[in-house]
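First the proteins, then the strands, lettered A, B, ... as listed; each starts at 1.
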Amino acid sequence: MPPSPRVRFAPSPTGHLHIGGARTAIYNWAFARHQGGTFVLRIEDTDPERSTRENTDAIIRAMEWLGLDFDEGPGVGGPYGPYFQTQRTQTYVEALDRLKRAGAAYPCFCTPEVLEAKRTTARERGGFAGYDRTCRTLDPDEAHQRIARGEPHVWRLKVPLDRGDIVFNDAVRGEVVFQSSQVDDLVLVRTDSTPTYNFAVTIDDATMRISHVIRGDDHLSNTPKQILIYEALGEPIPTFAHLSMIWGPDGKRLSKRHGATSVEAYREQGYLPEALVNYLALLGWSLDGETTIFSREVLKEHFSLERVSRNPAIFDVEKLDWINGTYLREMSPSDFAQHMMPWLQDAGLTTIDDYATRPDWYHTLAPRVAERVKRLCDAPALVEFLFRDTIELEPSSVSKALLSGDARSALRAAQAALTSLEVWRSQEIETCLRGLAERLAVKPKIVFQAVRVAVTGSVVSLPLFESLELLGQDRTAERIRAALEALDSDRNPADAASEPYAR
RNA sequence: GGCCCGUUCGUCUAGCGGUUAGGACACCGCCCUCUCAAGGCGGAGAUCACGGGUUCGAAUCCCGUACGGGCUACCA
């Protein structure tokens, strides 16, 4: 039985958790959970300019929100820590020492300017533009003296010249072959003695005993370099799995231009974590080609790298919206109400105390709203009329439903009928208004739309009878009164559509 | 420039030598209906990037070409 797999997600805290990063994290998490392995979170904070503590915290919070629990990492610790690269310098120093002792690394004194010049000419000639290995053949004694004199230098990997093809079996791409002659003697440690990215990840993955490296496609070309480092160190080479990129709708790299790119931004718009995970999981993986809605549980039960697709995917908010909507509609009334409350409060419509006072009222409202929103942030606009003291009548709705003589008289009659209604329940309200239409000999719709606009301000609203029930008899009467007054104060109804009707 | 990776309906995908190329989102139509949604039913939409092979047979295997992407830093 093979040892249980160890995988890691290694974001750099130079910003919030990106959608693409989140998907990588999801796949790593799902793989680990499916296999009964270990999921580690490692923070690649070696870029001091851009890395911040706030970003690290935000990334961890986003992962928690998504439900991606990790077994080792910041906060939870683990046997292979520390889990911040900036705290692992000793490990890199030791690794470089091992390489030096094994004769697999050598100092290079070439200046950046010289290197730049070499690169340019090499590229102009066409073909391979890697480092020409000048310092590789330096006399060891001379090199020592120059180091002793304090001459600036970097440490490079001494790539074996007779290595031949570097072949590895990528878990999603299949066999990938690089010629080792295409890999130059890359820099491992910089002049300021900090490790380069390729050196640091490899050392970290090796010392943390990572068995499967599941990461973005952009690292595919780095893989042969890293394999060479593993070999120089005599460490076992993990299985690699390279995930395709996520693109914006225009087929370009996903960026702010395309709208929200961070997990946090989606949370703020009222997307549910299970919906985001579901959608992102689907962006490059499929359960069976048929199933589109599945829980985290199902994901970890079925996830496999074999079913990860190789082609890049375009981020489609519309499908995310649909998935989010289905999750929203599946919620119980009280669950939905509780999720909706923060948005209503932020919009200044209500308070948590009000919810505590009359939970049933909110639970009646909840499913009517859930059926009509894609995101929680859409909720306030739908229910606003239930909370405000006065509403604005939408001019175009007024001209559609209130300007005809029939509509006006229907509204007037409705006011009277509703005011004298004895039982204020949607069922009775409906019966009342239908009866009214019959008596007036107008289509029921005329009455309904007139009342709807008077009460909600718009020709489009939540279901009318339930809305009236929730609004209450007195407030309903007041709304209709106000609407009639607004209409009457208009001497020239033809201008109505351009009037504000503030009431 | 060099080296790698990718290419199935608008989008996400199923397919792993023989299918009327399946599903989902979006779109269109009908039904339901107090508006909007939700839901139900149906429809349109893919010469499987292109060109060569291999094979009785190719979306599936091989080779090119085109297009897109990545790496090619003392960035990560």
### Query
Base, sugar-phosphate, or nothing for A/Thr46, non-hydrogen atoms under 4.0 angstrom?
sugar-phosphate
### Query
Is the phosphate of B/rG2, meaning OP1 or OP2, less than 4.0 Å from a side-chain N or O of A/Arg125?
no
Write down the protein N/O and nucleotide N/O pairs, taken from nucleotides 71-73 of chain B, whose separation is under 3.5 Å; answer none if there are no such pairs.
{"residue": "B/rA73", "atom": "OP2", "partner": "A/Arg119", "partner atom": "NH1", "Å": "3.4"}

### Message
How many whole angstroms separate atom NZ of A/Lys252 from atom P of B/rC67?
### Response
15 Å
### Task
Scan A/Val447 against the nucleic acid and name what it touches under 4.0 Å (heavy atoms): base, sugar-phosphate only, or nothing.
nothing
### From CA spacing to verdict: side chain to side chain donor-acceptor pair (under 3.5 Å), A/Gln85, A/Asp45
CA-CA 6 Å; A/Gln85 281 192 329; A/Asp45 56 350; over 6 Å; no
### Query
Just wondering, are more than 12 heavy atoms of other shown residues or ligands nearer than 6.0 Å to CZ in A/Arg133?
yes
### Query
Side chains of A/Asp185 and A/Tyr106: do they bring a donor and an acceptor to under 3.5 Å?
yes
#### Entry: Any strand: nucleotide that pairs with B/rG1 via Watson-Crick or wobble, under 3.5 Å
B/rU72
### Task
Could you tell me which nucleotide pairs with B/rC50 by Watson-Crick or G-U wobble geometry, both distances under 3.5 Å, or answer none if nothing does?
B/rG64
### Whole-Å distance separating the CH2 atom of A/Trp322 from the P atom of B/rA37
17 Å
### Message
Mind checking if A/Arg307 touches a base, just sugar-phosphate, or nothing, with heavy atoms under 4.0 Å?
### Response
sugar-phosphate
### Query
Can you tell me if CZ on A/Arg425 sees more than 12 non-hydrogen neighbours from other groups inside 6.0 Å?
no
### Query
Using purine N1 to pyrimidine N3 plus N6-O4 or O6-N4 for Watson-Crick, or N1-O2 and O6-N3 for G-U wobble, both under 3.5 Å, which nucleotide pairs with B/rC16?
none
### Task
Indicate for each nucleotide in nucleotides 6-12 of chain B, in 5' to 3' sequence, whether protein heavy atoms under 4.0 Å reach the base (B), only the sugar-phosphate (S), or nothing (-).
SSS--SB
### Query
In whole angstroms, how far is the P atom of B/rG23 from the CD atom of A/Glu290?
7 Å
### Message
My understanding is that a pair needs two contacts under 3.5 Å, Watson-Crick or G-U wobble. By that rule, which nucleotide pairs with B/rG10?
### Response
B/rC25
### Message
Given B/rC25, B/rA37, B/rC3, identify the nucleotide with an atom nearest to the side chain of A/Gln182.
### Response
B/rC3
### Derivation and outcome, ring-ring contact (aromatic ring centres under 6.0 Å, His included), residues A/His212 and A/Tyr27
CA-CA 11 Å; A/His212 298 254; A/Tyr27 287 11; over 10 Å; no
### Task
Could you work out the separation of B/rU11 and B/rU54 based on their C1' atoms and round it to a whole Å?
34 Å
#### Entry: Heavy atoms from other residues, nucleotides or ligands near CD of A/Gln427 exceed 12 (cutoff 6.0 Å)
no
### CD (A/Glu151) with more than 12 external heavy atoms under 6.0 Å
yes
### Query
If we only count heavy atoms from C-beta on, is the A/Arg8 to A/Asp204 side-chain gap below 4.5 Å?
no
### Query
Touch check for A/Lys374, heavy atoms < 4.0 angstrom, all strands: base, sugar-phosphate only, or nothing?
sugar-phosphate
### Message
Would you measure the distance from the C1' atom in B/rA44 across to the matching atom in B/rG10 and give it in whole Å?
### Response
13 Å
### P-based separation of B/rA73 from B/rG53 [nearest Å]
41 Å
### Message
Taking NZ in A/Lys443 as the centre, count heavy atoms belonging to other residues, nucleotides or ligands within less than 6.0 Å. Is the count above 12?
### Response
no
### Query
Between A/Arg23 and A/Glu44, which is nearer to the 5' end of RNA chain B once each is assigned its nearest nucleotide?
A/Arg23
### Message
How many whole angstroms separate atom CG of A/Asp250 from atom C1' of B/rG69?
### Response
13 Å
### Query
Is A/Thr292 touching bases, backbone alone, or none of the nucleic acid, heavy atoms closer than 4.0 Å?
sugar-phosphate
### Query
Roughly how many Å is it from CD in A/Glu318 to C1' in B/rC27, rounded to a whole number?
10 Å
### Query
Would one find a side-chain N or O of A/Thr191 under 4.0 angstrom from OP1 or OP2 of B/rC74?
no
### Task
Using the P atom on both, measure B/rA26 against B/rC67 and round to a whole Å.
35 Å
### Message
Give me the distance, rounded to whole Å, that separates B/rG15 from B/rU8 when you measure between the C1' atoms they each carry.
### Response
9 Å
### Task
Report the relative orientation of the aromatic rings in A/Phe240 and A/Phe168; use parallel for angles under 30°, tilted for 30 to 60°, perpendicular for over 60°.
perpendicular
### Message
Among A/Phe303, A/Tyr327, A/Tyr279, A/Trp285, which residue satisfies the ring pair (Phe, Tyr, Trp, His ring centres under 6.0 Å) criterion with A/Phe294?
### Response
A/Trp285
### Task
Let me see the working for A/Arg434 and A/Phe448 under side-chain contact (heavy atoms from CB on, under 4.5 Å), right down to the final yes or no.
CA-CA 9 Å; A/Arg434 283 193 190 280; A/Phe448 299 156; 3.8 Å; yes
### Task
Verify side-chain contact (heavy atoms from CB on, under 4.5 Å) between A/Tyr83 and A/Leu41, making sure each step is shown before the conclusion.
CA-CA 7 Å; A/Tyr83 295 91; A/Leu41 176 66; over 6 Å; no
### Query
Which value, in whole Å, describes the distance between the C1' atoms of nucleotides B/rU60 and B/rC48?
10 Å
### Query
Starting at OH of A/Tyr92 and ending at P of B/rA76, how long is that distance when rounded to a whole Å?
11 Å
### Message
Could you go through A/Lys225 and A/Leu157, starting from their C-alpha distance and side-chain angles, then the distance that decides it, and tell me whether this counts as side-chain contact (heavy atoms from CB on, under 4.5 Å)?
### Response
CA-CA 9 Å; A/Lys225 301 173 197 169; A/Leu157 181 71; over 6 Å; no
### Query
If you measure from the C1' atom in B/rA59 to the same atom in B/rA46, how many Å do you get, rounded?
10 Å
### Message
Work out how far the P atom of B/rC25 is from that of B/rG40, and round it to whole angstrom.
### Response
9 Å
### Message
Using a 4.0 Å heavy-atom cut-off, does A/Val201 contact any base of the nucleic acid, only the sugar-phosphate backbone, or nothing at all?
### Response
nothing
### Query
Whole-Å distance between B/rG15 P and A/Asp288 CG?
9 Å
Output one line per pair: protein atom, nucleotide atom from nucleotides 30-35 of chain B, and distance, for all N/O pairs under 3.5 Å.
{"residue": "B/rC34", "atom": "OP1", "partner": "A/Arg434", "partner atom": "NH2", "Å": "2.2"}
{"residue": "B/rC34", "atom": "O2'", "partner": "A/Arg452", "partner atom": "NH2", "Å": "3.1"}
{"residue": "B/rC34", "atom": "O2", "partner": "A/Arg452", "partner atom": "NH2", "Å": "2.5"}
{"residue": "B/rC34", "atom": "O2", "partner": "A/Leu464", "partner atom": "N", "Å": "3.4"}
{"residue": "B/rC34", "atom": "N3", "partner": "A/Leu464", "partner atom": "N", "Å": "3.3"}
{"residue": "B/rU35", "atom": "O2'", "partner": "A/Val459", "partner atom": "O", "Å": "3.0"}
{"residue": "B/rU35", "atom": "N1", "partner": "A/Arg452", "partner atom": "NH2", "Å": "3.3"}
{"residue": "B/rU35", "atom": "O2", "partner": "A/Ser461", "partner atom": "N", "Å": "2.7"}
{"residue": "B/rU35", "atom": "O2", "partner": "A/Ser461", "partner atom": "O", "Å": "3.0"}
{"residue": "B/rU35", "atom": "N3", "partner": "A/Arg452", "partner atom": "NH1", "Å": "3.3"}
{"residue": "B/rU35", "atom": "N3", "partner": "A/Ser461", "partner atom": "O", "Å": "2.7"}
{"residue": "B/rU35", "atom": "O4", "partner": "A/Pro463", "partner atom": "N", "Å": "3.2"}

### Spacing of A/Asp217 atom CG relative to B/rG69 atom C1', expressed in whole Å
8 Å
